[in-house]
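Reading through the structure tokens given below for one structure.
Convention: sequence-line order gives letters A, B, ...; per-chain numbering from 1. Only heavy atoms go into these numbers, but all of them, side chains included; no hydrogens, no water, no symmetry mates.
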Amino acid sequence: MTMTSVPLSWYLILSAVLFTLGVAGFLFRRNIITVFMSIELMLNAVNLSFVAFSYQWRQVDGHVYTFFVMVVAAAEAAVGLAIILTVFKNRATLQIDDVDSMKN
Amino acid sequence: MFANYLPTGAEYFRLLPEMILTAAGTLIMVLEPLTGYRRKRFLGHLALAGLLAALWAAVVAYSSPGPAFNRLIVVDGFATFFRVLVIVVGILTVLSCWDFLARHKAESGEFYSLILFSVVGQCVMVSANELITLFIGLEVSSIATYVLAGYLRDDKRANEAALKYFLLGSFATAFLLYGVAWIYGVTGTTNLVDIRQILESRDVIHPILAVSTAAALMFVGFAFKVSAAPFQIWAPDVYQGAPTPVAAFMSAGPKAAGFAILLRVYLTAFGPIDQSWVPFVWTCALATMVIGNFAALAQNNVKRLLAYSSIAHAGYIMVAVATGTAPGAAAAMFYLAAYAFMNVGAFVVVSHISGRGERKVNIDDLAGLSSRQPLTAALFSVFLLSLIGVPLTGGFFGKFYIFKAAIDSQLYWLTILGLLTSAVAAYYYLRLIVVMYMRPAVDGEEELPPLGGGLKTALWASALGTLALGIFPSAVLNFAGASGAMLVR
């Protein structure tokens, strides 16, 4: 390739960093909405990897996979926000530590 | 030219169960607003008819096995076995939920549709021949199950169960997907058979570290779905908070489908690199058996106890996966079939005795069940004895074949610890039987309602399934053996 382009590894490192940030957000944030957003961040990190790999292989498959992931993420968001809403209606809180009523 | 890309009739025929289930689920959703509250049972019958038709379709689809839709799915013995299994679990759930839903004044079409959609997802999962198809199936099944867990939306515990299941489930799925992305990046394909060929070929140098990392990331997703340690923490809370028929469904259907994809991906695609994934499956099997069985000892809530017991059973099946051989896969298949019947049966009994608002789910509430309802107590004992692994029940042969496969693969430590923890398990199951038969009923206890028709059918069917697998295991085992061998092509 004569044209200078961003190397594959940069994309992969960025994707790994985003994914790790998502994991950290999921584990350490206490607001349910923020936790949910962290999961979305993880999925988008994966999408970035798919696109980068797809470009590397000169295939269109990886691009198509990102659409599947986006659709699934949208479906998950619809169901997830509905669940979060019912939790909020019943408990009037969005702190994850307050949603812990079952022990033995 | 263009016509070459169109799927043939035979390919549609192989996807017939999924199509029937989707059509039935959609039809129920359309009919739901047109049905008055007293007529909702009709939708349940419709769901049952859809499931039975899909069962028939799954069986006849096996008459023309092979791949379909550009090798996205494959109908082979393995797929057929698990399709039949998850559809049967769906049937048992629909039969057993009528009394429960009526008692909670929560009968509606959505419940049946969601069960059907979840079963569609599981059918896609078990017949997937490609990682993205597998992911789509997994999500279809999971998203429907998240909603089912929180189906009683005014119940605080059901909300909590749905929230935990949803958050941890999507978290684990993201790991699975990241693993898929890396497999795609390293091999350039997501087809399981092609991945195997690439990993087998000597002339391609593939970064083994990247492949092993991807296998580990995907294992996180699978281990979550089958509630294996250390990703089992959600299971007790979710099973306790979810409506009991849903807990029965979750503990059998998605778990069987989860193990099916675990077996297919690791034996078919990652077979050539088994030295890199067997160690963590081994560790996971050991931890799951120990955690599940010892935590179950301390439980007083029967639903929670069964949740820990289902974790423990996931551990036994993990032992079969850790063998990485065809006999191990066959043993896991047999165990999952036996487990589905005995575990659904046990949950159905709990759903019957739990009463309104699911208040009576403690072990003490079982007192005197043998005199109050002898039949229920007797069938519950059959399920519990099978969960222990007493001869003449499906659970016995399930454990027998798993540990036999483990010994043949020189997994001596896992076998010894598996047998020891099964002995521990006998204590908490027998405790339930002792309370049912030895302790008198508390005076002033309100009468249990008689078993409804659907519940009775579900209970007898589960009991017959459990005993049939224990007395005549060979037919199922031969089928599992033949189709398990196909995985390690």
Side-chain angles (χ1 to χ4, degrees), chain A residues 8 11-12 15-16 19 22-23 26-27 32 35-36 38-54 56-59 61-62 64-69 71-73 75-91 96 98-104, chain B residues 131-133 135-136 138-140 142-147 149-150 152-190 210 217 236-241 298-301 303-304 362:
Chain A
L8 174 69
Y11 289 109
L12 297 183
S15 161
F19 193 85
V23 174
F26 181 90
L27 295 176
I32 296 174
V35 168
F36 176 58
S38 305
I39 296 171
E40 297 290 307
L41 185 62
M42 291 163 73
L43 290 176
N44 282 315
V46 175
N47 276 345
L48 182 60
S49 288
F50 268 130
V51 173
F53 283 132
S54 185
Q56 181 74 10
W57 284 104
R58 299 292 186 277
Q59 287 175 351
D61 305 31
V64 178
Y65 299 158
T66 58
F67 286 112
F68 282 115
V69 177
V71 171
V72 165
E76 247 180 25
V79 164
L81 289 174
I83 291 173
I84 294 174
L85 209 62
T86 54
V87 169
F88 183 73
K89 266 167 77 179
N90 277 329
R91 299 180 192 244
I96 208 138
D98 297 341
V99 188
D100 194 19
S101 61
M102 283 177 284
K103 278 285 165 285
N104 209 353
Chain B
L131 292 172
I132 297 293
T133 314
F135 164 72
I136 301 288
L138 180 71
E139 281 300 294
V140 170
S142 302
I143 291 177
T145 322
Y146 299 150
V147 184
L152 299 176
R153 51 175 188 266
D154 297 325
D155 182 8
K156 270 178 139 181
R157 286 173 308 168
N159 292 158
E160 184 179 333
L163 181 73
K164 284 181 175 166
Y165 195 29
F166 164 71
L167 287 178
L168 289 165
S170 337
F171 184 63
T173 313
F175 279 93
L176 172 76
L177 203 58
Y178 201 32
V180 172
W182 272 92
I183 289 292
Y184 173 66
V186 173
T187 63
T189 177
T190 46
L217 284 168
D237 284 358
V238 173
Y239 287 19
Q240 186 188 343
Q299 304 306 321
N300 282 318
N301 182 313
K303 275 172 93 179
R304 217 173 161 81
N362 284 325

If you tally heavy-atom pairs under 4.5 Å against chain A, which of B/Ala162, B/Ala149, B/Gly150, B/Ala158 wins?
->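 Top option by heavy-atom pairs under 4.5 Å: B/Ala162.
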
Using the side-chain contact (heavy atoms from CB on, under 4.5 Å) rule, take A/Leu12 and B/Trp182 through it: C-alpha gap first, then chi angles, then the decisive distance, then the call.
-> CA-CA 10 Å; A/Leu12 297 183; B/Trp182 272 92; 3.9 Å; yes

Tell me, for [X] versus chain A, whether the close heavy atoms (under 4.5 Å) come from the side chain, the backbone, both or neither.
X        : answer
B/Tyr178 : both
B/Thr187 : backbone
B/Glu160 : both

[X] versus chain B, heavy atoms under 4.5 Å apart: side chain, backbone, both or neither?
X       : answer
A/Phe50 : both
A/Leu8  : neither
A/Ala78 : neither
A/Ser38 : neither
A/Val23 : both

Is there a donor-acceptor pair under 3.5 Å between the side chain of A/Glu76 and the backbone N or O of B/Ser170?
->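 A pair under 3.5 Å: no.
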
Within the side chain of A/Gln56, is there an N or O that forms a donor-acceptor pair under 3.5 Å with the backbone of B/Gly185?
->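 Side chain of A/Gln56 to backbone of B/Gly185: no pair is present.
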
Is the count of non-hydrogen atoms from other residues, nucleotides or ligands lying under 6.0 Å from A/Arg91 atom CZ greater than 12?
->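 For A/Arg91, atom CZ is crowded (more than 12 foreign heavy atoms under 6.0 Å).
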
With ring centroids as reference points, do B/Phe135 and A/Phe68 lie under 6.0 angstrom apart?
->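 No: the rings miss the under 6.0 Å criterion.
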
With sequence neighbours left out, write down each residue that passes side chain to side chain donor-acceptor pair (under 3.5 Å) with A/Asn90, or none if nothing qualifies.
->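 With neighbours one apart ignored, the set is B/Asn159.
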
Listed partners of A/Thr86 passing side chain to side chain donor-acceptor pair (under 3.5 Å), at least two apart =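 If we apply the side chain to side chain donor-acceptor pair (under 3.5 Å) test to A/Thr86, skipping adjacent residues, there are no hits.
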
Heavy atoms only: give me the nearest [X]-[Y] pair and the separation to one decimal.
X        : Y        : result
B/Gly188 : A/Gln59  : O-NE2, 3.2 Å
A/Val46  : B/Ala174 : CG2-O, 4.0 Å
A/Ile32  : B/Leu163 : CD1-CD2, 3.6 Å
B/Val186 : A/Trp57  : O-CZ2, 3.5 Å

Pairwise distance OG1(A/Thr66) to CD1(B/Ile132) - rounded to 0.5 angstrom |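 These two atoms lie 9.5 Å from each other.
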
For B/Lys164 and A/Asp100, run side-chain contact (heavy atoms from CB on, under 4.5 Å): C-alpha distance rounded to whole Å, both residues' side-chain angles, the deciding distance at 0.1 Å, then the answer.
-> CA-CA 10 Å; B/Lys164 284 181 175 166; A/Asp100 194 19; 3.3 Å; yes

State, yes or no, whether a side-chain contact exists between B/Tyr184 and A/Ser49 at a heavy-atom distance under 4.5 Å.
->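 When only atoms from C-beta onward are counted, A/Ser49 and B/Tyr184 do not touch, as no gap falls below 4.5 Å.
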
Test applied, ring-ring contact (aromatic ring centres under 6.0 Å, His included); reference residue, B/Phe171; option that passes from A/Phe19, A/Phe36, A/Phe26 =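 Testing each of A/Phe19, A/Phe36, A/Phe26 against B/Phe171, the sole residue satisfying ring-ring contact (aromatic ring centres under 6.0 Å, His included) is A/Phe26.
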
Give the intermediate values and the outcome of side-chain contact (heavy atoms from CB on, under 4.5 Å) for residues B/Leu167 and A/Ile96.
-> CA-CA 11 Å; B/Leu167 287 178; A/Ile96 208 138; 3.7 Å; yes

Apply the test side-chain contact (heavy atoms from CB on, under 4.5 Å) to residues B/Thr190 and A/Asp61: give CA-CA distance (whole Å), side-chain angles for both, the deciding distance (0.1 Å), then the verdict.
-> CA-CA 9 Å; B/Thr190 46; A/Asp61 305 31; 5.8 Å; no

